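Structure, as structure tokens:
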Amino acid sequence: MEKAIYPGSFDPITKGHLDIITRTSAVVDHLIVAILENPRKQTLFTLEERIEMLRLSTAPYPNVEIDYFGGLLINYVEEKNINIIIKGLRAISDFEFEFQMALVNRKLNPKVETLFMVTNSKYSYLSSSIVKEIAGFKGEIKELVPPAVYDLITQKFRHP
Ligand code: PNS
């Protein structure tokens, strides 16, 4: 049984994240999309809002579960008997940090593999920060976020 985790901040989820989730869910038995709860990191959306957005966006995928964790990723991975960590790669600029994290996580637990899913080229420019930047200046983000959460996200910018 291949049990994978796709960890991230998802502040908010983008179409790029959803693309990675969709493609990963097609090749593993079970996928946990897990939000890092980091009290030191300022986020626009609360943990509950980010969980809700992930739930709505991934509703069509029965083998996808939404959860959150604090502290080290590898501790959560061990607790849940996960054997694969999925990371999305958009560009070379993502690589250096992700490479380091993959090596650290392998040092901490050599039985867990990090696999990199290359982004769909349609979304290679996309990030949560870009969505926040555009929406913050009242730009249109319809093409950038999953349809299921578009209203929720735009509302946040009207009533932060
Ligand atoms: O969406 P993000 O913010 O790029 O996601 C980063 C995340 C949550 C995947 C990464 O920061 C993480 O795994 N943090 C948990 C702490 C940890 O285990 N760090 C790796 C060892 S140094």
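Read the numbers this way: they start at 1 and go in the same order the structure lists the ligands and their atoms. Values reported hereafter were calculated over all heavy atoms of this structure, with side chains retained and with hydrogens, waters and symmetry mates removed. Keep in mind that this is a model prediction, so the values were computed, not measured.
Ranking protein heavy atoms by distance to atom 1 (O) of ligand 1, first place goes to Ser9 N, 2.9 Å. Of the protein's non-hydrogen atoms, the one nearest atom 19 (N) of ligand 1 is Leu72 CD2, 4.2 Å. Protein heavy atom closest to atom 21 (C) of ligand 1, with residue, atom name and distance, is Val104 CG1, 3.7 Å. What sits closest to atom 14 (N) of ligand 1 on the protein, heavy atoms only, is Leu36 CD2, 3.7 Å. In terms of protein heavy-atom proximity, atom 5 (O) of ligand 1 is nearest to Gly8 CA, 3.5 Å. Of the protein's non-hydrogen atoms, the one nearest atom 18 (O) of ligand 1 is Leu73 N, 2.8 Å.
Under the 4.0 angstrom criterion, atom 7 (C) of ligand 1 counts as lacking any protein heavy-atom contact.
Ring geometry, Phe95 versus Phe116: the interplanar angle falls from 30° to 60°, so the pair is classed tilted.
Shortest non-hydrogen contact noted between Ile13 and His17 is CA-ND1, 3.5 Å.
Across the listed options Ala102, Ala34, Pro7, Pro7 owns the non-hydrogen atom lying nearest to atom 9 (C) of ligand 1.
Defined by atom type and a distance below 3.5 Å, a donor-acceptor pair is present between the side-chain atoms of Glu78 and Asn109. Counted by atom type alone, Ser9 and Lys41 present one or more donor-acceptor pairs between their side chains at under 3.5 Å. Between Thr22 and Tyr61, the side chains place a donor N or O and an acceptor N or O closer than 3.5 Å (distance only, hydrogens not considered).
Between Lys122 and Asp19 there is no salt bridge, since no side-chain nitrogen of the basic residue lies less than 4.0 Å from a carboxylate oxygen of the acidic one.
In this structure, Lys41 has a heavy atom closer than 4.0 Å to ligand 1. Look at Gly71 and you'll find a heavy atom under 4.0 Å from some atom of ligand 1.
Here the options are Lys3, Arg55, His30, the test is side-chain hydrogen bond (donor to acceptor under 3.5 Å, both in side chains), and the partner is Glu65; only His30 passes.
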